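Positions are given from 1, in the same order as the sequence printed here. What you are looking at is a predicted structure, and each value in this text was computed from that prediction instead of being measured.
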Amino acid sequence: MDLVSRSALLYGSSPALFSAAGSLSFRHYATKASSIAQTLRKKGLQVGSTVSVIAPNSPDTALLGIALLQAGMVFAPMNHRFPLQQLIIALKALKPDIVLTSLPADPAFRTEPLEALLTETPDAGHPEPAAAPHCMERIVTIIHTSASSGKAKAAMHSFGNHWYNALGASENMPLGPGDCALLSLPLFHVGGYAILFRALASGSAVAVPPPHEPIEHSLERFPLTHLSLVPTQLHRLLLNPTAVPLLRRLKAVLLGGSAVPIRLLEETEQLGIPVYMSYGSTEMCSQIATTSEPASSFRKTSCRSLPFRELSIANDGEILVKGPCLFQGYIVEGKPVLPLDSDGWFHTGDTGNIDKSGNLSVHGRKDNMFISGGENLHPEEIECALTSIEGIKEALVVPIQEREFGWKPAAFIKTEKSDQPADSVITEAMLKTVGRLKTPIRYIRVCQWVTLPGSQKIDRKRYVRQISEENGW
């Protein structure tokens, strides 16, 4: 039995999806998914066909994702905020069988309107084909990496990858009927699809807000119990006093996607918001390691590896992973390529360490690290120290060339007041906490970050270029 039919059988009338229009039960959810799958088959698609979707989150895109899972087709959501040329290149490499979109048609590539497909009535004269058989090895999604370290890569995931990721995540943070998670991350992000899949597997509901609805409005509108956020989203919520009591009543706020400022974590602790720190990746289907209880202080945010994941640390400090959550490979020239070392480990590009108790601490990206005076410096460590200083909301550290040490840290900072704290105050605080070598030699204040397309992540490479251009190298 396929997962969608299984959920309808087990959870029947329990709510599966909440939207501004109301709610759908698991039984109704499965019926709608089956109808969409039949319409796709009428268009000539079959088990294994790849369906690319260029659309923001909506109840329609969520239903389509479930329908494709039931039909045994491959869901390939695209970042609709990608520049046109980047979309063209990605689609050319992907070669989908059909491209569906809710956006205006573009002559650069052939698309079909998503809304028309979802409202089309299946042919009653033809029997509905059976759902795709259960198969752990079957490819069900192709999701691009965030491109935070370069070009976005198309990562292929099997049903088993998503299933074991959901299973391990639920052992740490149980979900079930009566729980409801907000689809707060885009479906073209593996964390967004994971929310959809975990709910289907556990009998919990997903709430899909209207496009561009502020999260605080969704907290009021829907019966939420769980929320997945990146630090920037949480920071913005805490600026709204009405959002704080709504966050406090949740069972869990899963926080990941980038380094978390110390002051942000301290603030959530003081406010009694149950924040769980998580480390994950597209290649491992989202969560890899997560705190087993709400983080109570910065020193207690080390994550424990979840079930069905294996972790190791290479000699150079790089985090290695493998296990049943590990993806099936990147699409390279139309074929899957899985870059593993001779022992079967995937190299994440992140650095960290595992203590004697098995807790993982993540230092940062290997390609962000630079050498100063013969010592390896991790920008993320310096950023955390900077954001522990009162008045500094966010920070980004990049290397700047320096005669004596080769490279020294420079910091872009976003502060509560334009000229406070003063550079001298920041330097004095940093000397006390991280020492002279890690203290930035320059501070550049920013009002608004430049982020990667369709992402909350700061475009680090853009700021590296800015420093290099300003210094003429």
Side-chain angles (χ1 to χ4, degrees), residues 48 50 74-76 93-94 134-172 189-191 193-194 197-198 201 256-257 278-290 292 302-369 376 378:
T50 298
V74 181
F75 182 38
L94 195 59
H134 174 74
C135 178
M136 286 289 180
E137 293 74 28
R138 177 167 56 84
I139 301 299
V140 297
T141 58
I142 298 174
I143 296 177
H144 285 75
T145 60
S146 65
S148 57
S149 59
K151 181 181 176 183
K153 301 174 184 176
M156 303 171 62
H157 304 102
S158 68
F159 179 91
N161 295 153
H162 287 294
W163 175 257
Y164 285 109
N165 188 284
L167 207 60
S170 292
E171 285 193 26
N172 183 63
H189 186 294
V190 73
Y193 186 80
F197 194 97
R198 282 201 301 269
S278 184
Y279 165 68
S281 73
T282 302
E283 291 83 0
M284 286 291 280
C285 273
S286 74
Q287 293 181 62
I288 297 172
T290 303
S292 55
S302 296
C303 302
R304 288 197 61 89
S305 176
L306 298 176
F308 309 110
R309 290 87 161 152
E310 294 181 57
L311 284 174
S312 182
I313 304 295
N315 292 334
D316 62 356
E318 185 172 11
I319 300 171
L320 312 180
V321 293
K322 63 180 175 180
C325 299
L326 185 63
F327 76 135
Q328 304 302 298
Y330 301 117
I331 296 179
V332 179
E333 297 181 354
K335 297 179 180 179
V337 174
L338 184 57
L340 305 179
D341 65 20
S342 58
D343 295 318
W345 292 101
F346 175 78
H347 293 235
T348 64
D350 297 314
T351 60
N353 68 275
I354 301 173
D355 65 20
K356 294 179 180 179
S357 299
N359 296 309
L360 171 71
S361 294
V362 181
H363 298 157
R365 290 292 303 173
K366 186 177 178 181
D367 50 9
N368 291 341
M369 184 183 73
N376 293 338
H378 295 278

Chemist: Measure across Asn161 and Phe327 and return the closest heavy-atom pair with its distance rounded to 0.1 Å.
Modeler: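 Smallest interatomic distance, heavy atoms only, reads OD1-CA, 3.6 Å.
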Chemist: Measuring from Arg309:CZ to Leu360:CG, what's the distance to the nearest 0.5 Å?
Modeler: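 Between atom CZ of Arg309 and atom CG of Leu360 there are 13.0 Å.
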Chemist: Can you see which heavy atom on Phe197 is nearest to which on Ala166, and at what distance?
Modeler: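 Shortest heavy-atom contact: CD2-CB, 4.0 Å.
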Chemist: So which atom in Ser278 and which in Gln287 form the shortest heavy-atom distance, rounded to 0.1 Å?
Modeler: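 That closest heavy-atom pairing would be OG-CG, 3.4 Å.
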Chemist: With a 4.5 Å limit on heavy-atom distance, are the side chains of Ser158 and Glu137 in contact?
Modeler: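 No, every pair of side-chain atoms sits at 4.5 Å or beyond.
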Chemist: For Arg304 and Thr290, what are the C-alpha separation, side-chain angles and deciding distance, and is it a side chain to side chain contact (heavy atoms under 4.5 Å, CB included)?
Modeler: CA-CA 5 Å; Arg304 288 197 61 89; Thr290 303; over 6 Å; no
Chemist: Any idea which heavy atoms bring Ile288 and Ser281 closest together, and the distance?
Modeler: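 For Ile288 and Ser281, the tightest heavy-atom pair comes out as CD1-OG, 3.7 Å.
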Chemist: Would you check if Met136 and Tyr164 make a side-chain contact, meaning some heavy-atom pair closer than 4.5 Å?
Modeler: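 Yes; the side chains approach each other to less than 4.5 Å.
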Chemist: Determine, step by step, whether His157 and Asn165 satisfy the side chain to side chain contact (heavy atoms under 4.5 Å, CB included) criterion, reporting the C-alpha distance in whole Å, the side-chain angles of both residues, the deciding distance to 0.1 Å, and the verdict.
Modeler: CA-CA 11 Å; His157 304 102; Asn165 188 284; over 6 Å; no
Chemist: Would a 4.5 Å heavy-atom cut-off, applied to side chains only, mark Ile319 and Tyr279 as touching?
Modeler: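 A side-chain contact under 4.5 Å exists here.
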Chemist: Please identify each residue that fulfils side-chain hydrogen bond (donor to acceptor under 3.5 Å, both in side chains) with Glu171, with sequence neighbours left out.
Modeler: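 Partners of Glu171 by the side-chain hydrogen bond (donor to acceptor under 3.5 Å, both in side chains) criterion come out as none, since no residue qualifies.
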Chemist: Run the side chain to side chain contact (heavy atoms under 4.5 Å, CB included) test on Lys322 and Leu340 for me, step by step, so that the C-alpha distance in whole Å, both residues' side-chain angles and the decisive distance to 0.1 Å come before the verdict.
Modeler: CA-CA 9 Å; Lys322 63 180 175 180; Leu340 305 179; over 6 Å; no
Chemist: Rounded to the nearest 0.5 Å, what separation is found between the CG atom of Asp316 and the CE atom of Met369?
Modeler: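 Here the interatomic distance stands at 7.5 Å.
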Chemist: What residues, two or more places apart in sequence or in another chain, satisfy side-chain hydrogen bond (donor to acceptor under 3.5 Å, both in side chains) together with Thr50?
Modeler: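 Scan of Thr50 (side-chain hydrogen bond (donor to acceptor under 3.5 Å, both in side chains), adjacent residues dropped) gives none.
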Chemist: Do any N or O atoms from the side chain of Thr348 and from the backbone of Asp350 form a donor-acceptor pair under 3.5 angstrom?
Modeler: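 Here the side-chain-to-backbone pair exists.
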Chemist: List the atom pairs, with distances to 0.1 Å, where a side-chain N or O of residues 329-338 and a protein N or O form a donor-acceptor pair under 3.5 Å, not counting sequence neighbours.
Modeler:
unit_1, atom_1, unit_2, atom_2, d
Tyr330, OH, Glu283, OE2, 2.6

Chemist: Going by salt bridge (charged side-chain N to carboxylate O under 4.0 Å, His left out), name the residues that satisfy it together with Asp343, two or more places apart in sequence or in a different chain.
Modeler: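 For Asp343, no residue satisfies salt bridge (charged side-chain N to carboxylate O under 4.0 Å, His left out) once neighbours in sequence are set aside.
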Chemist: If I take atom OG1 from residue Thr351 and atom NZ from residue Lys366, how far apart are they, to the nearest 0.5 angstrom?
Modeler: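 Separation between the atoms: 9.0 Å.
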Chemist: Does the side chain of Met284 come within less than 4.5 Å of Leu326's, by heavy atoms?
Modeler: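 Of all side-chain heavy-atom pairs linking Met284 with Leu326, at least one is under 4.5 Å.
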Chemist: What's the shortest heavy-atom distance between Ile143 and Val190, and which atoms?
Modeler: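 Closest approach of Ile143 to Val190, heavy atoms only: CG2-N, 3.8 Å.
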Chemist: State the CD1-SG distance between Ile354 and Cys303, to the nearest 0.5 angstrom.
Modeler: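 That separation rounds to 11.5 Å.
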Chemist: Per the salt bridge (charged side-chain N to carboxylate O under 4.0 Å, His left out) rule, what does the pair list look like for residues 352-364, sequence neighbours excluded?
Modeler: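 Listed once each, the pairs would be none.
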Chemist: Which residues pass the side chain to side chain contact (heavy atoms under 4.5 Å, CB included) test with Asn353, sequence neighbours left out?
Modeler: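 Asn353 satisfies side chain to side chain contact (heavy atoms under 4.5 Å, CB included) with Ser361, His363 only.
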Chemist: Looking only at heavy atoms, what is the nearest atom pair of Val74 and Ile139, with distance?
Modeler: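 Distance-wise, the nearest heavy atoms are CG2-O, 3.5 Å.
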Chemist: Classify the angle between the aromatic ring planes of Phe159 and Trp163 as parallel (below 30°), tilted (30 to 60°) or perpendicular (above 60°).
Modeler: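 Judged by the thresholds at 30° and 60°, the geometry between Phe159 and Trp163 is parallel.
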Chemist: Could you grab the distance from atom OG of Ser286 to atom OH of Tyr193, nearest 0.5 Å is fine?
Modeler: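 Between Ser286 OG and Tyr193 OH, I get 11.5 Å after rounding to 0.5 Å.
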